[in-house]
2 protein chains.
Amino acid sequence: MSPAARKPKDDGNMNAETCARRVLETVPMVMRAIRREMRGASEEQLSVPQFRVLAFLGHRRGASLSAVSEHLGVKDATASAMVDRLVKRGWIERETHPEERRRVVLSLTSTGASLMDKARRRARSFLAAHLDGTSPADLQILASAMDVLRRILSEETQS
Amino acid sequence: MSPAARKPKDDGNMNAETCARRVLETVPMVMRAIRREMRGASEEQLSVPQFRVLAFLGHRRGASLSAVSEHLGVKDATASAMVDRLVKRGWIERETHPEERRRVVLSLTSTGASLMDKARRRARSFLAAHLDGTSPADLQILASAMDVLRRILSEETQS
DNA sequence: CCATAACAGTTAGCTAAGCTAAATGTATAT
DNA sequence: ATATACATTTAGCTTAGCTAACTGTTATGG
């Protein structure tokens, strides 16, 4: 049912250029699909970056603003604005660090945490639903590809 | 050098949920990296959606606005605004269709075409550069994964 | 033949995400 | 004590996305 994944036309002579082109075609498509899903999700709608902020704070409680900006790969000012919107919505709590008063300590409110939980479930099950018809071999390929991409990009960060 | 790609910890028991989570983590990262590259590219900077519009018109000359919005997966109003900005920059020409006066006929200007060409080269070689150190096997995995993703999402469109 | 419906785009008004540059306030170091 | 570095915020801008409402054009049905 999914031989396309294992026999993509030019099997054997895959090169970086061709591969790059495909990534460039595909990633924006996937991104928009995820975004649509997030938005249309439930009453409380969440953008992809917002989702990422909440997810980050979910397992790094008390993180600083710069930690958020670094994790998201955006400028501090951008992260500050995003956090601000999330605070206004009551999903994030922003306090000043007790010892370092220039720092900020961010954490999820309970509302934020439960929203996050719902959103995570939705997002995953959205993709998972589509991936359900996918063969284990293709799932493995997908997961591996994600690893490759992350590795490549983290190398970039260092250089 | 790249065994991580073929042995992602939970080799063997990969499932749709886990895979979905990884996609959800990775795709936004890649998207931001591409965006950064596009922006910082040259004098004339291009956003990812702008790139996609120009690329689309590059091989579908005379396309209508709704063709663009459909291809991008956005609302007509959004596409209209995007095209407008590109027209103002002199990269797209917008004329009314000779027979169907409600339609619009879009095409690249020569400036737009050459810009597109430059941008495409940059974008590809940016990714290609990172992919250069990647083993052929991993390239194949990546390409296959992109195929899987596109297939999954096009199924969604039909439903 | 005219009224109405369907279609293609545009406009207006909003939110969010991203940037840069500059400002603020706090800590550190000379 | 002053200068410098650091963490965050503010201000001002562009782009992208949405919805809802509008304009103008073509097609249709009575």
Side-chain angles (χ1 to χ4, degrees), chain A residues 28-29 31-41 43-54 56 62-89 91-106, chain B residues 28-29 31-41 43-54 56 62-89 91-106:
Chain A
M29 270 184 61
M31 193 61 192
R32 280 196 320 282
I34 295 175
R35 181 159 54 227
R36 250 196 305 273
E37 178 64 15
M38 293 281 211
R39 244 198 320 258
E43 266 313 295
E44 298 288 26
Q45 61 192 25
L46 220 45
S47 72
V48 175
Q50 283 173 342
F51 175 84
R52 285 173 51 77
V53 172
L54 297 186
F56 179 65
S64 67
L65 217 182
S66 41
V68 171
S69 71
E70 189 178 354
H71 176 253
L72 290 183
V74 300
K75 300 296 175 196
D76 288 351
T78 300
S80 180
M82 280 176 19
V83 164
D84 210 53
R85 286 186 281 267
L86 293 171
V87 167
K88 277 180 187 142
R89 273 175 171 63
W91 298 332
I92 283 184
E93 187 174 16
R94 176 174 38 190
E95 303 168 296
T96 63
H97 187 106
E99 279 118 34
E100 300 278 337
R101 286 216 312 251
R102 22 180 200 182
R103 282 202 176 154
V104 116
V105 172
L106 301 170
Chain B
M29 271 186 58
M31 194 63 193
R32 281 197 319 282
I34 296 176
R35 182 158 54 225
R36 250 196 305 274
E37 177 65 16
M38 292 282 211
R39 244 198 321 258
E43 267 311 295
E44 298 288 27
Q45 61 192 27
L46 221 45
S47 73
V48 175
Q50 284 173 340
F51 176 84
R52 286 173 51 77
V53 172
L54 297 187
F56 179 65
S64 67
L65 216 181
S66 41
V68 171
S69 70
E70 190 178 354
H71 176 253
L72 291 183
V74 300
K75 299 297 174 195
D76 289 350
T78 300
S80 181
M82 281 178 19
V83 163
D84 210 52
R85 287 187 281 267
L86 293 171
V87 167
K88 276 179 188 141
R89 274 175 170 64
W91 297 332
I92 283 185
E93 187 174 17
R94 177 174 38 191
E95 304 167 297
T96 63
H97 187 106
E99 280 118 34
E100 299 279 335
R101 286 214 312 248
R102 16 177 204 187
R103 283 206 173 149
V104 116
V105 172
L106 301 170

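The side chain of B:Arg102 has C:dA6 as its nearest neighbour among C:dA17, C:dA6, D:dG17. The nucleotide whose nearest atom lies closest to any side-chain atom of A:Val74 is, among D:dT15, D:dT8, C:dG18, C:dG18. Comparing C:dC19, D:dT8, D:dT15 against the side chain of A:Lys75 picks out C:dC19 as the nearest. Each of D:dT9, C:dG18, D:dA16 was ranked by its minimum atom distance to the side chain of A:Arg94; first place goes to D:dT9. Taking only side-chain atoms of B:Ser47, from C-beta outward, the nucleotide of C:dT15, D:dT15, D:dT26 with the closest atom is D:dT15.
With DNA chain C read from its 5' end, the first of the two nearest nucleotides for A:Ala77 and A:Val48 is the one closest to A:Val48. Between A:Glu99 and A:Gly73, the residue anchored nearer the 5' end of DNA chain C, judged by the nucleotide with its closest heavy atom, is A:Gly73.
Computed from coordinates, the B:Gln45 CD to D:dT14 P distance equals 12 Å when rounded to whole Å. If you take CE of B:Met82 and P of C:dA17, they are 19 Å apart, rounded to a whole angstrom. When rounded to the nearest whole Å, the span between CG of B:Leu65 and C1' of C:dC7 equals 13 Å. To the nearest angstrom, P of D:dA16 lies 21 Å from CE of A:Met38. Residue A:Asp76 contributes atom CG, which lies 17 Å from atom P of C:dA22 at whole-angstrom precision. Separating the CG atom of B:Asp84 from the C1' atom of C:dA12 is a distance of 13 Å, rounded to the nearest angstrom. Rounded to whole Å, atom P of D:dC18 lies 10 Å from atom CG of B:Leu72. A straight line from CG of B:Leu86 to P of C:dG9 spans 16 Å, rounded to a whole angstrom.
The main-chain N or O of B:Gly73 is found under 3.5 Å from a side-chain atom of A:Arg36 such that the two form a donor-acceptor pair. The backbone N or O of A:Leu72 sits less than 3.5 Å from a side-chain atom of B:Arg32, completing a donor-acceptor pair.
With A:Met82 as reference, A:Val53 is the one residue of A:Ile92, A:Leu65, A:Val53, A:Val87 to meet the side chain to side chain contact (heavy atoms under 4.5 Å, CB included) rule.
Contact annotation: A:Ser80 side-chain N/O to D:dT9 OP1/OP2 distance is under 4.0 Å. When the side-chain nitrogen and oxygen atoms of A:Arg32 are compared with OP1 and OP2 of D:dG17, none of them lie within a distance under 4.0 Å. At the phosphate of C:dG9, OP1 or OP2 sits under 4.0 Å from a side-chain N or O atom of B:Ser66. In this structure, B:Ser64 does not reach the C:dA8 phosphate: none of its side-chain N or O atoms is under 4.0 Å from OP1 or OP2. Residue B:Arg85 has no polar side-chain atom (N or O) positioned under 4.0 Å from OP1 or OP2 of D:dG17. OP1 or OP2 of C:dC19 sits under 4.0 Å from a side-chain N or O of A:Thr78. Not one side-chain nitrogen or oxygen of B:Arg101 sits closer than 4.0 Å to the OP1 or OP2 atom of C:dG9. An OP1 or OP2 oxygen of C:dA17 is reached within less than 4.0 angstrom by no side-chain nitrogen or oxygen of B:Arg36.
In this structure the side chain of B:Lys75 never reaches within 4.5 angstrom of the side chain of B:Ser69, judged on heavy atoms. Using a 4.5 Å heavy-atom cutoff, the side chains of B:Arg94 and B:Asp84 are in contact.
Across B:Gln45 and B:Gln50, no two heavy atoms sit closer than the pair O-OE1, 4.2 Å.
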